[in-house]
Each structure stands twice: as structure tokens, then as C-alpha cells.
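Worksheet for the structure shown next.
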Amino acid sequence: MRSGATAAAPLPGGGSGAMAAQDVLGQTARLASSSALLQVLFRVVTFGLNAFTLRYLSRELIGVVNVRLTLLYSTVVFLAREAFRRACLSGSAKRNWTKTVNLLWLTVPLGVFWSVILGLVWLHLLEVPNPSVVPHYQAGVVAFGVSAIVELLGEPFWVLAQAHLFVRLKVVAESLSVVSKCILTVTLVILYPQWGLYIFSLAQLLYVSILVMCYVIYFVMFLGSPEATKKSFPIARVKALLPNFVEDETFVNWKEARLTWSFFKQSFLKQILTEGERYVMTFLNVLNFGDQGVYDIVNNLGSLVARFIFLPIEESFYVFFAKVLERGKTVKDQKQDDVAMAANVLELLLKLVLLIGLTITVFGYAYSQLALDIYGGSMLSSGTGPDLLRCYSLYVLFLAVNGVTECFTFALMCKEEVDRYNFVMLALSFVFLCISYFLTHWYGSVGFILANCFNMGIRIAHSTHYIYDYFKESAHRPLTGLLPSPALLLVYIISAVITAFSEVLFCCDKGWMARLIHISTGALCFAATLVTMFCTETKLIHFVRNQFLSRYLKKGT
């Protein structure tokens, strides 16, 4: 298996010149666009799988898998590796990679620790589902905990690939994993639906096993090859990817270790904020397992764009900002060509995600009920489902802006700033959980999304304040990216009014002809929005064509 991706040498310190920074920008954009396309595949396959399983399995079973067990897996993985990823992807490639790899292997014992502790909580302290409705719960908890540990075995390989922008490796590995998982799930659901959680446990273990094996096999073939030698890859042997003790040297880089500890304290709080509603559902029992299943399906549908566009952009451009600018230095102490490029990219990224978020918010309001009716029938389109998705459409706008602003902020914060931010996150975590609890009692599952909007709003305020302070002593004002053109804003308002009236008149119990009229109305408004966007946001269009779409346009010519 050959990557085909280039291994770019990260910039030392604040960058090695405009050409090197431009090279990192190009490769970062390719990583983001490839990751976005990969996430499209994931979401399409996942939603097809959910639509399929809804017709074979109970809402309660789906609720336990998608909320309870997935929360166990994501919590273990996040707490064990997130801080290590952020610390080890920061700074120069002129580092002692042996010590970095040693540090990354500490994620495995940390994962074992969290898996055992949280597994006991999930088994003995939380409400156990009715075995007649959700069989084999105990086996599911063990399997999802073990799968988290297996995935952590590939962490050194993942960080090395991400640091050197191996685009195609990530695409191939995650595609194979997801497709294999889905094929096994569909097969077992059809043949052995009575297996219950055994189905999803086996599929999860298969997913992480294939994911890790892809990375391991690639590096076994790549290291020591002529291609690796040509690119001056910093690691020459596979043995160097295992923990190594070097005589008269420390086991890890203590500067990286201290930064990891700072990020770990932050990641603990960030996980609460990110998965807060699932923790409230899991520990406070504010919704039954069936309602949790419906909420999770609607939540996944609403997060389509956030997952396949915003998350890849955030992950990829975190690497870009961390390489082009040096952590902990003021804007005056950075190379000014790199500062100008970073400010320009940040401004255009903010404009890009803002317009995507506004589009989802405007058109999502009028088409939520129709989307749910087509996807899951009356089980989703009746009751609170449409209101959930409408609120989520607004939440997507908050997610869009927060992802990019925090991406820049976390890439530039020094250790002391990270530690100070941890106190802000601690207070925000407590407030968020309280608001989630009360809003859920008052407004049901919609309260979770309203609480998330509040949470994201506070985080955006903090990040934008940091960005403003960082650039105030320079001539650059990247936050202007949050200001769309007046003409485009007017078109958004008109489109929102027209599509809302169209929903009242034609959707969704007046037959398919009325639905088609409603869809056509939205298509015309969307086309008008795109035309206005192309006419008023020419700088953004140029950026997207050059950085995200260039290789696809070249293939088509």
C-alpha cells in the first residue's frame, strides 16, 4: 500500500520563509479537503446504516449503542490521547523523535487505566438496560473498552503521519475501517438480529483493528525505503517506533510532557463540554433509552456538515498554524511574512465556515421536517424531531465559528495561557452541565442543543478575544472574516422568509407534488445565494479554488 502523499518537513520554529509556509499551506489544504471527502463517505455510509438498522432493531438498542457505549469509547480515547496529539503536533520537526514516540506510547497505559475505571462505572453504577430489550450489555461495555485500547496502539503511527501530512494514508486507512465495520454490521443484523449488542461489539473491534493495522503495515513498508530516504524522513527503522531507552538521556522530552499535562487538564474539561448532553443523559437519566436513540439519530443528521467539513478543517489547519507560527511568541516576534499568511488564511477560513454555517441555519429551518420524514418516516418527523433539527441548524453556525477560532487559539497558546484557560473551561463545564440539566427538564431534548449553543457562544467569545489581542499590534484584522457582505446577508434573510412560508404551504402532509414544490423553492433560493456569494466574496472563492479544489480541477482538465 503506497501513500502517494508527500511528507512535508514541518517548518522549524516560526517558519523558514514564505515559500516553505506556502508549501505547508498547500499540503494542509489538501489534507483538509481529503479529510472532508473522507468524512462525507463516513457520514453517507453511517446514515445509510442507521436507516437500515432502524427497520430491524429497536430504538432502545440504538440508543444504548450510539449514546451509552459510544460515550464510553470516545471518553477513553479522548482522555488518553487528545493532550498528547496537541503537544506532539506543535513546534518544529527538528526534535528528538525517539522521545516524542516514547511519550506517545504512554497513551496505551493511560487508556488501559481509563478503560478499567470507566468500564466499572458503566457496569456497576449506571442504569443497566432491560436484558429482554437490549441483550448482552456487559459484553458490549467490555468490547468497547477494549476497542479504545486497541486504537491507542496506533497513536505513534497516526501522529507521525499527521505531522508529515500523509494524506492518502489517512484516507485509505479510515475508509477501509469504516466500510468493513458497516459490511459486518449489516450482515449480522440481517442474519442474527437476536445477537443484540454482540453485533456492534464485533463491528467496533473490527473497525479499530483494521485502522491500526493499516498504519502499521504502511510504516513497515515505508521506513527504510528509497522514498523515505529521498524525503529525509526522521525515522529510519520500524524499531524506532517502539519505546526506546537511550543511555544517559531522559525517556521523554520534559518540555513536551509538561505541555501534554497542561493539555490533558484542558482535554478533560473539553470532553465534558463536547459530549456534555450524553453525560447528562447517561448519568442523570433525563431521557429513556428510546428517546436517547431518537435524539442521537437527529443529532447525527444535524452534525453532518460539522463532521465532514468543519472537523477536517480544524484538525488540518491546527497543524498549519502550529508550524507557520511559533507557540508562545507575540506577533512582533514572529516572521512577518508568516504572520501575514496566517492572518490571511484565518480571515478566509472564518469567512468560509461562517457562510457554510449561515447556509445550514437558513435552509435547515425550513427543511428539517422534510429531511426527517424522508430519512426515518413518522418516527422521526413527528414529535420533537423537527424542532431538534431546527435548533441544531442554528447550533451548526456556532460550531463552525468555534472550530476555526479555537483551532488558531490552541495552536498559539503557550503553556501558561493553556493553564489559565483550563480554569475558564472548569467554570464553563460546571455552568454547562447545570444549564443542560435544567433546560432538559423545561424543554426536553431540545434543551441539550440550547445549552450547547450557550457553551459554544462563550468559547467563541474567549477565542475571538485572544485573536483580537494577538493581532492588535499588527496591521492584520482576521476577525473581519466574520462579517459577510451586506448584499449576501440580505439574500440570506429573503431566502429564510420565502422557504419558511413554503414549508407552511407545501410541507409535509400534502403529498409528493407539494413536497417537490417546496424543494424547488429551496433550490431556487439556494441558487440565488450561491450566485450572490460568487459575486461578492471573490477573495474567498479564489482561496477555495486554489487551496481546496485545485487538484480536482486539474484532474478534470
Side-chain angles (χ1 to χ4, degrees), residues 1 34-58 61-78 80-81 111 115 134-137 139-155 157-158 161 168-218 275 278 293 296-297 299-301 303-304 306-308 311-312 315 375:
M1 179 176 62
S34 296
S35 297
L37 290 173
L38 182 62
Q39 291 297 326
V40 172
L41 170 65
F42 290 176
R43 292 300 103 193
V44 169
V45 173
T46 299
F47 283 109
L49 183 64
N50 278 341
F52 174 81
T53 54
L54 277 172
R55 289 154 176 80
Y56 284 85
L57 304 174
S58 66
L61 182 62
I62 294 174
V64 170
V65 172
N66 290 354
V67 177
R68 177 73 67 86
L69 296 182
T70 301
L71 180 65
L72 171 63
Y73 161 78
S74 66
T75 302
V76 171
V77 168
F78 191 95
R81 78 183 182 194
S115 186
V134 183
H136 316 303
Y137 173 73
V141 170
V142 172
F144 274 73
V146 170
S147 72
I149 298 171
V150 172
E151 183 166 345
L152 292 171
L153 292 173
E155 193 60 18
F157 305 90
W158 186 94
R168 201 168 296 174
L169 170 60
K170 180 178 181 180
V171 172
V172 171
E174 298 195 15
S175 298
L176 283 176
S177 305
V178 169
V179 171
S180 301
K181 175 183 177 180
C182 291
I183 290 174
L184 180 61
T185 302
V186 169
T187 302
L188 294 180
V189 164
I190 293 175
L191 297 179
Y192 307 104
Q194 72 277 9
W195 281 16
L197 291 181
Y198 282 156
I199 296 172
F200 297 95
S201 300
L202 292 172
Q204 179 67 16
L205 289 170
L206 177 68
Y207 165 77
V208 296
S209 299
I210 292 179
L211 182 65
V212 172
M213 287 305 299
C214 283
Y215 279 94
V216 172
I217 291 172
Y218 174 81
E275 301 281 8
R278 284 175 169 79
D296 183 75
I297 292 169
N299 182 62
N300 281 333
L301 184 60
S303 65
L304 258 175
R307 302 219 178 177
F308 73 67
L311 185 59
E315 288 181 345
Y375 180 68

field: Shortest non-hydrogen contact between Arg81 and Leu152, atoms and distance
entry: CB-CD2, 3.8 Å
message: For a quick test of reading the model, state the closest non-hydrogen atom pair linking Gln194 to Pro135 and the distance between them.
response: O-CG, 4.1 Å
field: Criterion side chain to side chain contact (heavy atoms under 4.5 Å, CB included) against Tyr73, the qualifying member of Thr75, Val77, Leu69, Leu71
entry: Val77
message: Distance check, rounded to the nearest 0.5 Å: Asp296 atom CG versus Arg68 atom CZ?
response: 13.0 Å
query: Leu206 and Lys181: which non-hydrogen atoms are nearest, and at how many Å?
result: CD2-N, 4.3 Å
- prompt: Is the backbone N or O of Val65 less than 3.5 Å from a side-chain atom of Thr70, with the two atoms forming a donor-acceptor pair by type?
  reply: yes
query: So which of Thr185, Val179, Val178 actually passes side chain to side chain contact (heavy atoms under 4.5 Å, CB included) with Cys182?
result: Val178
Spacing of CZ belonging to Phe157 relative to CG belonging to Leu211, to within rounding of 0.5 Å: 12.0 Å
message: Using 0.5 Å steps for rounding, measure from the OG atom of Ser209 to the CG atom of Leu153.
response: 9.5 Å
field: Closest non-hydrogen atom pair, Ala161 against Leu169
entry: CB-CD2, 3.8 Å
field: Shortest non-hydrogen separation from Leu176 to Cys214 and the atoms involved
entry: CD1-SG, 3.9 Å
message: I'd like to check Leu184 versus Ser180 (side-chain heavy atoms, cut-off strictly below 4.5 Å). Are they in contact?
response: no
- request: Give the minimum heavy-atom separation between Arg278 and Asn66, together with the two atoms involved.
  value: NE-O, 3.9 Å
- prompt: Out of curiosity, Tyr215 OH to Glu155 CD, how far, rounded to the nearest 0.5 Å?
  reply: 9.5 Å
- request: Look at the rings of Tyr192 and Trp195 and say which category their plane angle falls in: under 30° parallel, 30 to 60° tilted, over 60° perpendicular.
  value: parallel
message: Assess the residue pair Phe200 and Val64 against the criterion (side chain to side chain contact (heavy atoms under 4.5 Å, CB included)); give the C-alpha distance rounded to whole Å, side-chain angles, the decisive distance to 0.1 Å, and a yes or no.
response: CA-CA 11 Å; Phe200 297 95; Val64 170; over 6 Å; no
message: Counting C-beta onward and ignoring hydrogens, is there a side-chain heavy-atom pair between Leu188 and Tyr198 closer than 4.5 Å?
response: no
